[in-house]
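Within every chain, numbering begins at 1; the chains are lettered A, B, ... in the order of the sequence lines, protein sequences first and strands thereafter. Being a predicted model, the structure only gives us computed values, none of them experimental.
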Protein chains: 2
Amino acid sequence: MRKSRIAVPDSSDNSALKVVGELKQDILTGYFQPGEKLKMTRLKARYQVGVSPLREALSQLLIEQLVVVENQRGFKVHPVSREEMLDIYATRAEIEALCIGLAVEKGDDEWEAGILAAAHTMHKFGDMVDKDPQEWERRHQAFHTAIAQGCNSPTLLQVRRSLYEKASRYRNLWLKKNMANSAVFDANQKEHQLLIDALLAGNGDTARELIRQHLLSPSRALEQTPGLEELAG
Amino acid sequence: MRKSRIAVPDSSDNSALKVVGELKQDILTGYFQPGEKLKMTRLKARYQVGVSPLREALSQLLIEQLVVVENQRGFKVHPVSREEMLDIYATRAEIEALCIGLAVEKGDDEWEAGILAAAHTMHKFGDMVDKDPQEWERRHQAFHTAIAQGCNSPTLLQVRRSLYEKASRYRNLWLKKNMANSAVFDANQKEHQLLIDALLAGNGDTARELIRQHLLSPSRALEQTPGLEELAG
DNA sequence: TAACTATTAAATATCGATAAATTAAAATAG
DNA sequence: CTATTTTAATTTATCGATATTTAATAGTTA
């Protein structure tokens, strides 16, 4: 089986790069809470490295806006806000629509095949959503990535990935407080087939509008949940 | 007068953050050539700091894709390629069009006023283009930023800025080898008024198409220049 | 008790030193 | 003379130590 989409530490990586992956995961999954201070002593203990690699890793996450820094006051996990969440999801929807529009124009047979393959892998896991939501989200994302790949623009895909990570942070934080009904996120599975139909028919405008709705529905759900800000504590 | 758009080192910043700005400038302007190895001894001498802040700064530019790193082999300036240039410019055109489309929808009176103000500042400098191209580019960019601001999305504007920086690197590298006719870049000044007209008229589609052409013309010019790859040396 | 100051403790940012790895140069063999 | 191995010199990546800054605590005065 292929390696997961998420970067996995390679033995040829240095300490900083290895720690970037773990630290990012810990922030995205909410092990470190939004706004939480990231003390060096704790990070050293957790990742078994010195301050130098840690500061390098944090410097990278700084640009990715997963942490913030204040001079002489160290690093903190980037705080969350309803405002930022809506902005990220809205931007993500536009970027995804852009990818899809370009993909319909440029996509070739290989692209179409990739979509169908990813759709198959995803559907096969359809009834396991509740069993292993992590794995389902992986396949779901692989499906959408297969579509976006068709735009054939590394630069644009890079932007797309960065936004996905930020959004998935909000998604994870929400799931942590609402274990029960992840259904609200995944109720939109039927939309996938509509999307595929539009794509293979070369109907870019329809596909773009479908994906916009598809990506905005989680943020609408999150928006209505009370106390998003309290996730910060 | 307001501070320039480019981040300027603040006394409250740490060494790493100060060095990020200088190092970025040195890469964007081509003081450090594409692909060039960035040896710590040289960087230490140039920026008067130790390796710790340097590695932190480089770690940030790593994510911004202005440098690359190889384990145990240090940092290099991110290499250039015709392919990447075209991809960056194409993506930038799409993102800018996206910003403008949203801005036309959401923009208010203040937004319109900001555009006219920036246009005035830019036009006042119209005949000084050859005298001080740097300053003109600053005003030109301020004009386009004033327009994009209307989208009112920090996330999207962040993406936009990152792409602008990468593109301006190619622009600077090209200018370095072709001091003479920066005219080819700026021949499109007339398009600005057309753009303003479309924006104030609320004609989003026209504005989007105008900006696409506006942003793609430099890349078409660059594409035709012989030996872009040799800029790496 | 509240507000301010002094003192102590904790944490950060940075440097210099060191071990590991890479590159360059010299030496040796075929 | 070319190719391979050995040796030396650079260079990187990381740690531990230190100066400086911030936060916490105790003490003082009104």
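- Contact between the side-chain N/O atoms of B:K37 and the OP1/OP2 oxygens of D:dT12 is found at a separation under 4.0 Å.
- Sorted by first then second residue, the salt bridge (charged side-chain N to carboxylate O under 4.0 Å, His left out) pairs that include residues 145-156 of chain A, not counting sequence neighbours, number zero.
- Rounded to an integer number of Å, the gap from A:L54 CG to D:dA13 C1' is 14 Å.
- Here the CG atom belonging to A:L43 is positioned 12.0 Å from the CD atom belonging to A:Q48, to the nearest 0.5 angstrom.
- Rounded to the nearest 0.5 Å, atoms CD1 (A:I95) and CZ (A:R160) are 10.5 Å apart.
- The distance between atom CD of A:E36 and atom P of C:dA11, rounded to the nearest whole Å, is 14 Å.
- A:K76 has its NZ atom 14 Å from the C1' atom of D:dT22, to the nearest Å.
- Remark: A:R92 pairs with no residue by the salt bridge (Lys or Arg N to Asp or Glu O under 4.0 Å) rule, at least two apart or across chains.
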For nucleotides 13-17 of chain C, give me every protein contact, N/O to N/O, under 3.5 Å, one pair per line with atom names.
{"unit_1": "C:dA13", "atom_1": "OP1", "unit_2": "A:Q72", "atom_2": "N", "d": "3.1"}
{"unit_1": "C:dA13", "atom_1": "OP2", "unit_2": "A:R55", "atom_2": "NH1", "d": "2.2"}
{"unit_1": "C:dA13", "atom_1": "OP2", "unit_2": "A:R55", "atom_2": "NH2", "d": "3.4"}
{"unit_1": "C:dT14", "atom_1": "OP1", "unit_2": "B:S15", "atom_2": "N", "d": "2.5"}
{"unit_1": "C:dT14", "atom_1": "OP1", "unit_2": "B:S15", "atom_2": "OG", "d": "2.4"}
{"unit_1": "C:dC15", "atom_1": "OP1", "unit_2": "B:G50", "atom_2": "N", "d": "3.3"}
{"unit_1": "C:dC15", "atom_1": "OP2", "unit_2": "B:G50", "atom_2": "N", "d": "2.7"}
{"unit_1": "C:dC15", "atom_1": "N4", "unit_2": "B:S52", "atom_2": "OG", "d": "3.2"}

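- Salt bridge present: A:E135 and A:R139 bring a charged side-chain N and a carboxylate O closer than 4.0 Å.
- Remark: B:M122 CE to B:Q141 CD distance equals 11.0 Å, nearest 0.5 Å.
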